2 protein chains.
Amino acid sequence: MTVPGLRERKKQRTRDALIRVALELFTDQGYERTTVDEIADAVDVSQRTFFRYFSSKEEVAFAVQHMVEERFVHALGQRPPDEAPLDAMRNAVLSAWDTIGEAIAEVVPVELHLRAYRMIESTPALLAVHLRRSTEMEETISRIIAAREGLDVDEDPRPRIAVAAFSGVMRVTGQMWGRGTDGSLEAIRALTEEYLDHLGPALVPHWRDRPGEGPGAAA
Amino acid sequence: MTVPGLRERKKQRTRDALIRVALELFTDQGYERTTVDEIADAVDVSQRTFFRYFSSKEEVAFAVQHMVEERFVHALGQRPPDEAPLDAMRNAVLSAWDTIGEAIAEVVPVELHLRAYRMIESTPALLAVHLRRSTEMEETISRIIAAREGLDVDEDPRPRIAVAAFSGVMRVTGQMWGRGTDGSLEAIRALTEEYLDHLGPALVPHWRDRPGEGPGAAA
DNA sequence: GAGGCTAGTGACAGTCACTGACAATTGACA
DNA sequence: TGTCAATTGTCAGTGACTGTCACTAGCCTC
């Protein structure tokens with residue numbers, strides 16, 4: 001591809017600066033205590049310009065998340081078609097976690113993004129938006145899974161159901177990670193694996209045995 | 001109990017009127033196109049008073065939902081302790097669906113509430129709040145389930161995981177119901193049963209068999 | 001490389017959700 | 001009946017967001 005023109009590069013720089021400054025202010029002072037004016041002033045653009053880049057104050061908080069999601073969707077598309085749905089999703093998340101680092105670092109320090117993620121989890125207004133975005137993702141994923149299995153997502157509820165269950169676990173994972181003390185990338189990866197391992201067993205009728213000992217359901 | 005005083009009754013009437021008028025305006029004109037001033041004017045109170053009853057414009061949209069949730073939690077508390085977790089939750093939802101009608105009708109027509117529910121599902125800002133509220137519910141439910149099973153919710157992830165999977169399915173149910181054409185109470189009840197029946201089978205590795213025929217996992 | 005075109009920006013005014021402060025009103029209750 | 005406390009209205013202010021319009025600066029053509 002050709003190098004984008006000056007105009008384009010300038011826009012990209014402004015956008016990245018807005019994201020970086022916003023996340024810094026949000027994580028430092030808190031989301032609510034940061035005004036859009038502050039962000040705009042720090043980047044030296046007008047408030048109006050901020051809203052031309054991001055349709056809302058919330059949106060800027062999810063700009064990096066958005067990149068991560070695209071990566072996951074891409075990874076899911078690459079999974080071999082003979083993998084079972086849950087395995088494909090599991091492997092896609094794990095492989096996404098492995099390669100996000102570099103992609104994020106081009107815009108903001110990874111550490112800042114992780115702090116931002118925890119801020120989202122602990123800020124009610126952002127948590128709400130985060131969850132809605134997650135369900136939009138679920139719809140996307142459901143369609144991919146359905147396509148893999150040769151099913152019509154509007155005829156057969158199983159793709160949406162499996163994805164809903166899977167995403168539910170992923171959400172709890174993010175939550176627990178956010179509440180814990182180990183804020184590293186490795187920690188969230190490990191939690192992801194651990195929690196997904198519980199998904200099958202958690203659904204069997206008897207829980208009184210220890211995890212892993214009971215008659216497991218899914219792989 | 002004694003009859004509440006005039007002051008108390010007046011407050012209750014104002015509150016109910018605000019809810020009813022709000023839901024009517026929301027469902028008629030749309031949530032975004034309805035201002036708090038409109039609602040307050042229609043009930044003949046000041047905007048300031050509206051915000052003394054509801055901390056936000058969103059909150060009034062969920063006032064009825066709130067009642068329904070309380071009912072579910074109560075029903076769950078009543079389930080016999082030997083029921084498996086998923087069964088207890090399933091039966092609690094179904095029994096809640098059976099008795100909501102009357103409780104709601106004291107405040108707003110049931111039909112209005114059902115329309116409001118669909119409006120919530122289709123209004124991004126409200127959907128976001130709805131989802132966050134759902135996760136708060138999940139936390140409550142997880143603790144009840146953990147208690148039933150004699151587990152510590154912070155030690156053993158299985159209660160949260162099972163509840164997350166369960167709630168995921170319930171959410172998809174609500175979504176599908178909202179998108180469908182049959183907006184009746186019976187329809188959502190039937191969907192609930194049908195979708196929950198898929199939860200176990202959807203998690204087994206092989207989907208290529210028809211539902212129910214494959215080697216099922218959970219009950 | 002001058003000039004027109006247009007994307008991007010700033011300035012400004014306005015709407016709407018929401019909050020704090022204070023004064024006015026009105027049930028409750030001695 | 002008069003006092004107290006809860007409830008409400010009014011007013012002023014903040015912050016998110018939008019429409020409009022004039023202006024500036026890359027871009028592209030001749």
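A, B, ... follow the sequence lines: proteins, then strands. Residue 1 opens every chain. It should be emphasised that the depicted structure is a prediction, and the values quoted were computed from it without experimental measurement.
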Within a strict 4.5 Å, meaning less than it, do heavy atoms of the B:Arg115 and B:Asp28 side chains meet? yes
Taking five pairs at each end of the helix from C:dG1-D:dC30 to C:dA30-D:dT1, what angle separates the two helix axes (nearest 10°)? 10°
Here the residues of residues 116-133 of chain B within 4.0 Å heavy-atom distance, strictly under, of DNA chain D are none
Are there any protein N/O atoms within less than 3.5 Å of an N/O atom in nucleotides 21-24 of chain D, and if so, which ones and at what distance?
none

Which nucleotide in the set C:dG20, C:dA17, C:dA11 lies at the smallest distance from any side-chain heavy atom of B:Arg48? C:dG20
Between B:Glu38 and B:Thr34, is any side-chain donor less than 3.5 angstrom from a side-chain acceptor? no
For C:dG10, does either OP1 or OP2 sit under 4.0 Å from a side-chain N or O belonging to A:Thr49? yes
By side-chain hydrogen bond (donor to acceptor under 3.5 Å, both in side chains) - contacts of B:Thr181 (at least two apart): none
Modelled atom types, side-chain donor and acceptor of B:Thr35 and B:Asp37, under 3.5 Å: no
Kindly point out which of C:dC18, D:dT7, D:dT18 is positioned nearest to the side chain of B:Phe51? C:dC18
Selection from C:dT19, C:dG8, D:dC17 that lies nearest to any side-chain heavy atom of A:Tyr53: C:dG8
Collect all protein-nucleotide pairs involving nucleotides 26-30 of chain D in which both atoms are nitrogen or oxygen and the distance is under 3.5 Å.
from: D:dG26; atom 1: OP1; to: A:Lys10; atom 2: NZ; distance (Å): 3.2
from: D:dG26; atom 1: O3'; to: A:Arg7; atom 2: N; distance (Å): 3.4
from: D:dG26; atom 1: N3; to: A:Arg7; atom 2: NH2; distance (Å): 2.9
from: D:dC27; atom 1: OP1; to: A:Leu6; atom 2: N; distance (Å): 3.0
from: D:dC27; atom 1: OP1; to: A:Arg7; atom 2: N; distance (Å): 3.1

Side-chain contact test, heavy atoms from C-beta onward, threshold under 4.5 Å: evaluate it for B:Tyr117 versus B:His130 and give yes or no. yes
Check for me whether B:Arg71 meets the cation-pi criterion with B:Trp97, that is, NZ or CZ under 6.0 Å from the six-membered ring centre and within 45 degrees of the ring axis. no
Near DNA chain D, under 4.0 Å by heavy atom, which residues of residues 11-42 of chain B? B:Lys11
